Student: 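One structure, pasted below without further comment.
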Amino acid sequence: MILVVGANGMLGRDLINCIGDAARGVDIDEIDITSLESTVRILKTLKPRTVINCAAYTDVDGCETNMETAMQVNGEGVAHLAMASREIGARLVHVSTDYVFDGGKGSPYVEDDAPCPLGVYGESKLAGEMNAAFNPDHLIVRTQWLYGLHGKNFVETMLRLAGEKDVLSVVDDQIGSPTWTVDLAGAILALLKTGQRGIYHAANSGYCSWNEFAKAIFEESGLAVTVNGMTTDELNRPARRPLYSTLDCGKLEQDTGFHPQPWRSALKAYLQLRNKQNG
Ligand SMILES: NC(=O)c1ccc[n+]([C@@H]2O[C@H](COP(=O)([O-])OP(=O)(O)OC[C@H]3O[C@@H](n4cnc5c(N)ncnc54)[C@H](OP(=O)(O)O)[C@@H]3O)[C@@H](O)[C@H]2O)c1
């Protein structure tokens, strides 16, 4: 059995769907990963062969003011999962982020590049990556710019705003790879099948700015919204974000044969599925 922790979250729900019958999901109502006692108890009761951690404190700006919570959930929580999974002989898969990098490299990040987070969220996720090592049988999957059917995300925000405004300003100086949670789930399962350990990068292929992504969302949805540019400085959010944090997924492709689809075709597939579900 594969235990998905953070099962009610955006990635967790798609992972469970992709895994199928072998999946069991738990979230905060059953397990609190900030408690070693709670974590050990659930893992010892359920005895999974693999634990996939999708639980996190993902409010990037909120982390700046709630540093303690960020470190407890994203850092210590992973230590608890690593210790508990090691105790029952299970493998730990942990999901991490491009925000462990500062975005200053100027070309796609490979797994061995030195992390240098700009904010508390990235720092706490980096602590989580290091804590995953309490279980030697661990796999870390870094990803970025996620969207999916089951959570708050940029695509849904843009579609909501399109119903309220004809003109929007969206940042054009942050570059990354928008990634559909279904494709990330596929990449994680491919890594699991091949039994890999260590760090892997997984994202849809190609890259764009948030501004280009917004334009693509409106084009694919047939919505006439004017998208103007603005800088990250002008947006003035509490947390600093990496400007260029594209992840090189060559290691994933080489070791698994899994080739993530281009971000634009993933977006099309997502919107089709979304429209079907909404009738
Ligand atoms: N979203 C992105 O763009 C993005 C980008 C890169 C990496 N990631 C990483 O990808 C993973 C999945 O992200 P996501 O967007 O799917 O996250 P999400 O939708 O925020 O889901 C996280 C889940 O974890 C639960 N949780 C929070 N604290 C917990 C605790 N102490 N014990 C147990 N469960 C707890 C949350 O419950 P509540 O909702 O009740 O708090 C929520 O159901 C995370 O590791 C995230 O850091 C995300």
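Atoms within a ligand are numbered from 1 in the order they appear, just like the ligands themselves. If you read the sequence from its start, that first residue is 1, and numbering goes on from there. A quick note: this is a predicted structure, and the numbers were derived from the prediction, not measured.
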Student: If we only count N/O pairs under 3.5 Å, is M10 in contact with ligand 1?
Tutor: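 Between M10 and ligand 1 (N or O atoms, distance only) the closest approach is under 3.5 Å.
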Student: Nearest heavy atom to atom 37 (O) of ligand 1 wins, so pick from V141, D27, L11.
Tutor: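 Comparing heavy atoms across V141, D27, L11, the nearest one to atom 37 (O) of ligand 1 lies in D27.
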Student: May I ask you to identify the nearest protein heavy atom to atom 21 (O) of ligand 1, giving residue, atom name and distance to one decimal place in Å?
Tutor: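 Going by distance alone, atom 21 (O) of ligand 1 is nearest to G9 CA, 3.3 Å.
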Student: What do we get for F154 next to ligand 1 when only non-hydrogen atoms under 4.0 Å count, side chain, backbone, both or neither?
Tutor: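 Near ligand 1, F154 shows nothing, with every heavy atom at 4.0 Å or more.
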Student: Scan side-chain atoms only and decide if S177 and Q144 contain a donor-acceptor pair under the 3.5 Å cut-off.
Tutor: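 Yes, Q144 and S177 have a side-chain donor paired with an acceptor closer than 3.5 Å.
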Student: Classify the ring geometry of F213 against F154: parallel below 30°, tilted from 30° to 60°, perpendicular beyond 60°.
Tutor: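 Parallel: the ring planes of F213 and F154 meet at under 30°.
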Student: May I ask which of D59, T181, D98, I31 has a heavy atom nearer to atom 33 (C) of ligand 1 than the others do?
Tutor: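 Among D59, T181, D98, I31, the closest heavy atom to atom 33 (C) of ligand 1 belongs to I31.
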Student: Are any of the heavy atoms in C54 under 4.0 Å away from ligand 1?
Tutor: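 In this structure, C54 qualifies as a contact of ligand 1 - some heavy atom is under 4.0 Å.
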Student: Do K215 and E219 meet the salt-bridge criterion of a basic N to acidic O distance under 4.0 Å?
Tutor: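 Salt bridge: no.
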Student: Side chains of S38 and D32: do they bring a donor and an acceptor to under 3.5 Å?
Tutor: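 Not at all, the side chains of S38 and D32 share no donor-acceptor pair under 3.5 Å.
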Student: Under 4.0 Å and counting heavy atoms only, is there anything from the protein next to atom 19 (O) of ligand 1?
Tutor: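 Neighbour list for atom 19 (O) of ligand 1 includes protein heavy atoms (cut-off 4.0 Å).
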Student: Kindly identify the option in Y57, Y99, Y121 whose heavy atom sits closest to atom 8 (N) of ligand 1.
Tutor: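 Among Y57, Y99, Y121, the closest heavy atom to atom 8 (N) of ligand 1 belongs to Y121.
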Student: Below 3.5 Å, N or O to N or O, backbone or side chain included: is there any such pair between G6 and ligand 1?
Tutor: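 So ligand 1 has no N or O lying under 3.5 Å from an N or O of G6.
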Student: Pull out every atom of ligand 1 sitting under 4.0 Å from any heavy atom of I33, numbered as shown with elements.
Tutor: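 Going through ligand 1 atom by atom, the ones under 4.0 Å from I33 are 30 (C), 31 (N), 32 (N).
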